[in-house]
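A quick write-up on the structure given underneath.
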Amino acid sequence: MTSFIPWFGGRRDHPFSTDIWDPFSFGTSLGSQQSDRGDETSALANAQVDWRETDTAHEFRVDLPGVGKENVKVQVEDSNILQISGERVLEKEDKNDKWHRIERRRGSFVRRFRLPDNVNLNEITCKLENGVLTVQVPKKEPDQTAKNVRSIDVA
């Protein structure tokens, strides 16, 4: 069911999204609708991402059909920005081929997410299987001692 108000329809691109705005990604602002510009720069700019939080970790799943692991890069910037980027490369073509339709886009994509303070950046793992990239970001063990607590006498 689609909502008349775009940010209440269950879409991941609503104004309160945890994605960091990337002025250089060429995605559309119309949700899952893709622009029909035909250029290769918008290939996977809207790579679909699911972000799930469990008791022990944050899990990111990214749909990357046709992208090999040699064309995917996962990194952490500024100690709290998870950046997932990559590229779907142009397939080899025989000049005798006759194309009837080309709908799959090629090119690069970048997605960025601001990570919470409770993550363990040294234990991040990634795997690409069946066109889905899974990034596991474990949480830190909670501190049992209160930090910077000072008692104030009541007069």
Side-chain angles (χ1 to χ4, degrees), residues 1-3 5-141:
M1 181 172 164
T2 305
S3 173
I5 303 172
W7 49 85
F8 293 122
R11 295 188 355 222
R12 291 176 189 86
D13 60 340
H14 57 80
F16 305 109
S17 174
T18 54
D19 288 353
I20 295 175
W21 180 64
D22 179 15
F24 301 108
S25 75
F26 296 100
T28 66
S29 60
L30 300 174
S32 62
Q33 298 174 3
Q34 292 183 353
S35 67
D36 195 19
R37 296 176 11 190
D39 63 70
E40 294 182 355
T41 58
S42 62
L44 296 169
N46 278 337
Q48 300 297 308
V49 178
D50 293 337
W51 178 355
R52 178 176 72 154
E53 181 177 356
T54 65
D55 292 338
T56 59
H58 293 270
E59 180 180 86
F60 296 85
R61 291 188 184 167
V62 187
D63 287 340
L64 299 176
V67 179
K69 67 180 181 178
E70 64 277 358
N71 294 324
V72 176
K73 187 177 185 180
V74 178
Q75 58 191 22
V76 176
E77 297 178 345
D78 300 327
S79 298
N80 70 338
I81 306 296
L82 176 68
Q83 177 174 300
I84 302 169
S85 60
E87 181 176 14
R88 179 184 290 154
V89 295
L90 182 65
E91 299 170 2
K92 286 187 174 183
E93 294 182 17
D94 184 353
K95 52 196 248 186
N96 294 327
D97 289 345
K98 181 179 178 183
W99 290 90
H100 294 278
R101 190 161 186 87
I102 299 175
E103 293 182 343
R104 298 183 320 136
R105 298 184 183 230
R106 298 162 200 79
S108 59
F109 68 93
V110 174
R111 295 295 305 268
R112 293 183 179 102
F113 303 92
R114 187 177 316 278
L115 296 172
D117 293 332
N118 68 341
V119 298
N120 184 349
L121 299 175
N122 296 323
E123 301 294 325
I124 296 175
T125 60
C126 303
K127 72 176 178 178
L128 181 62
E129 187 173 23
N130 297 326
V132 178
L133 174 70
T134 303
V135 180
Q136 287 281 344
V137 183
K139 291 182 178 180
K140 293 179 185 174
E141 292 294 323

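Residue indices begin at 1 and follow the sequence shown. Quick note: numbers below take in every heavy atom, side chains included, and nothing from hydrogens, waters or symmetry partners.
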Legend entry - Whether W51 and H58 hold their rings parallel, tilted or perpendicular, with breakpoints at 30° and 60°: perpendicular
Legend entry - Partner of N71 by side chain to side chain contact (heavy atoms under 4.5 Å, CB included), out of V89, L64, L128: V89
Legend entry - D117 atom CG, neighbour heavy-atom count above 12 within 6.0 Å: no
Legend entry - Candidate list I84, V132, T134, D50, test side chain to side chain contact (heavy atoms under 4.5 Å, CB included), partner V62, passing option: I84
Legend entry - Heavy-atom check, side chain of T56 versus side chain of K139, under 4.5 Å: no
Inset, instruction - State, with a plain yes or no, whether a side-chain heavy atom of I124 is found less than 4.5 Å away from one of F60. - result: no
Inset, instruction - Report the distance from atom NZ of K140 to atom CG of N120, rounding to the nearest 0.5 Å. - result: 7.0 Å
Inset, instruction - Using a 4.5 Å cut-off on heavy atoms from C-beta on, say whether the side chain of K127 contacts that of T125. - result: no
Inset, instruction - Report yes if some heavy atom in the side chain of L133 is under 4.5 Å from a heavy atom in the side chain of V74; otherwise report no. - result: yes
Inset, instruction - Please round to the nearest 0.5 Å and tell me the distance separating atom NZ of K73 and atom CD of E87. - result: 12.0 Å
Inset, instruction - Grab the two heavy atoms, one from P65 and one from R88, that are nearest each other, plus how far apart they are. - result: O-NH2, 2.5 Å
Legend entry - Separation of Q136 CD from R52 CZ (nearest 0.5 Å): 7.5 Å
Inset, instruction - Compare all side-chain heavy atoms of N80 with those of R114 and state whether any distance is below 4.5 angstrom. - result: yes
Legend entry - Heavy-atom closest contact (A57 atom, P138 atom, distance): CB-CA, 3.8 Å
